[in-house]
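Below: the structure, in structure tokens.
All values below come from the heavy atoms of this structure, side chains included, with hydrogens, waters and symmetry mates left out.
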Amino acid sequence: EDQVTQSPEALRLQEGESSSLNCSYTVSGLRGLFWYRQDPGKGPEFLFTLYSAGEEKEKERLKATLTKKESFLHITAPKPEDSATYLCAVLSTNDYKLSFGAGTTVTVRA
Amino acid sequence: SQTIHQWPATLVQPVGSPLSLECTVEGTSNPNLYWYRQAAGRGLQLLFYSVGIGQISSEVPQNLSASRPQDRQFILSSKKLLLSDSGFYLCAWSLSYEQYFGPGTRLTVT
């Protein structure tokens, strides 16, 4: 069974203090790894898809990287508007459904 | 561009009452459609998956059911709600690997 573990559960940052979120996964064969952002009371917003080890994607202050066992979401010089819960999910080659982690809640203080 | 709608946004229902949540997608044809539930502090749990009209796969045996009467309409129902049905219900669509989520429905069963 596919497993996704995100750490830490919560992260409090000062504005401008860069940090990284971790997503460790176990899957028989990786079809794709996905990052989402979720604001309180709203649906997840799609951020990135990573398909193979070594791949990197960037969007504004966010950068996602992928290895064979984990993915990192790097937040560079965060701003208060980056405060949200970040979800990681994997899709295996022999399945049709995403397996989600529990998420990391990021709070950025001004 | 594609848009996904869910209603109602919030719902408070007594135990034993029926349920009907609706999801519609605009701007695409033949999407895969999904119903998820998100409990507080937990990951997303896939409830139902549909690849076409009248084609529903159930992931979790429970007192919920789903129907897809039209290509871009997905309905989540229950004949009798339980306290444990409380949660945040999310509809999602996809054409390939990435899934795109709606705004969600907050259901409280009292």
Inset, instruction - Please test A:T76 against A:S18 for side-chain hydrogen bond (donor to acceptor under 3.5 Å, both in side chains), starting from the C-alpha separation and ending with a verdict. - result: CA-CA 5 Å; A:T76 302; A:S18 301; 4.6 Å; no

Can you say whether [X] sits under 4.5 Å from chain B via the side chain, the backbone, both, or neither, judging by heavy atoms?
X: A:L98; result: both
X: A:F48; result: neither
X: A:Q38; result: side chain

Legend entry - Crowding at CD, A:E15 (>12 non-hydrogen neighbours, <6.0 Å): yes

Legend entry - Short side-chain to backbone donor-acceptor contact, B:Q13 and B:P18, under 3.5 Å: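 Yes; at least one donor-acceptor contact below 3.5 Å.
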
Legend entry - Between A:Q6, A:R31, A:K42, A:E9, the one whose heavy-atom pairs under 4.5 Å with chain B are most numerous: A:R31

Inset, instruction - Report the option among A:G41, A:G101, A:A89, A:G103 that has the most heavy-atom pairs separated by less than 4.5 Å from atoms of chain B. - result: A:G41

Legend entry - Plane angle bin for B:Y36 and A:F100 - parallel if under 30°, tilted between 30 and 60°, otherwise perpendicular: perpendicular

Side chain, backbone, both or neither: which part of [X] has a non-hydrogen atom closer than 4.5 Å to chain A?
X: B:F88; result: side chain
X: B:Q99; result: both
X: B:L46; result: side chain

Inset, instruction - Could you tell me the separation between the OG1 atom of A:T65 and the CD atom of A:E56, rounded to the nearest 0.5 Å? - result: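 Separation between the atoms: 6.0 Å.
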
Legend entry - Pick from B:G104, B:C91, B:P103 with the largest number of heavy-atom pairs that fall under 4.5 Å of chain A: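 Highest number of pairs under 4.5 Å: B:P103.
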
Inset, instruction - State whether B:E26 and B:R72 are salt-bridged, where the test is any N-O pair (Lys NZ or Arg NE/NH1/NH2 against Asp/Glu carboxylate O) under 4.0 Å. - result: no

Legend entry - B:R37/B:D85 salt bridge by N-O under 4.0 Å criterion: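 Judged by the 4.0 Å cut-off on N to carboxylate O distance, B:D85 and B:R37 do form a salt bridge.
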
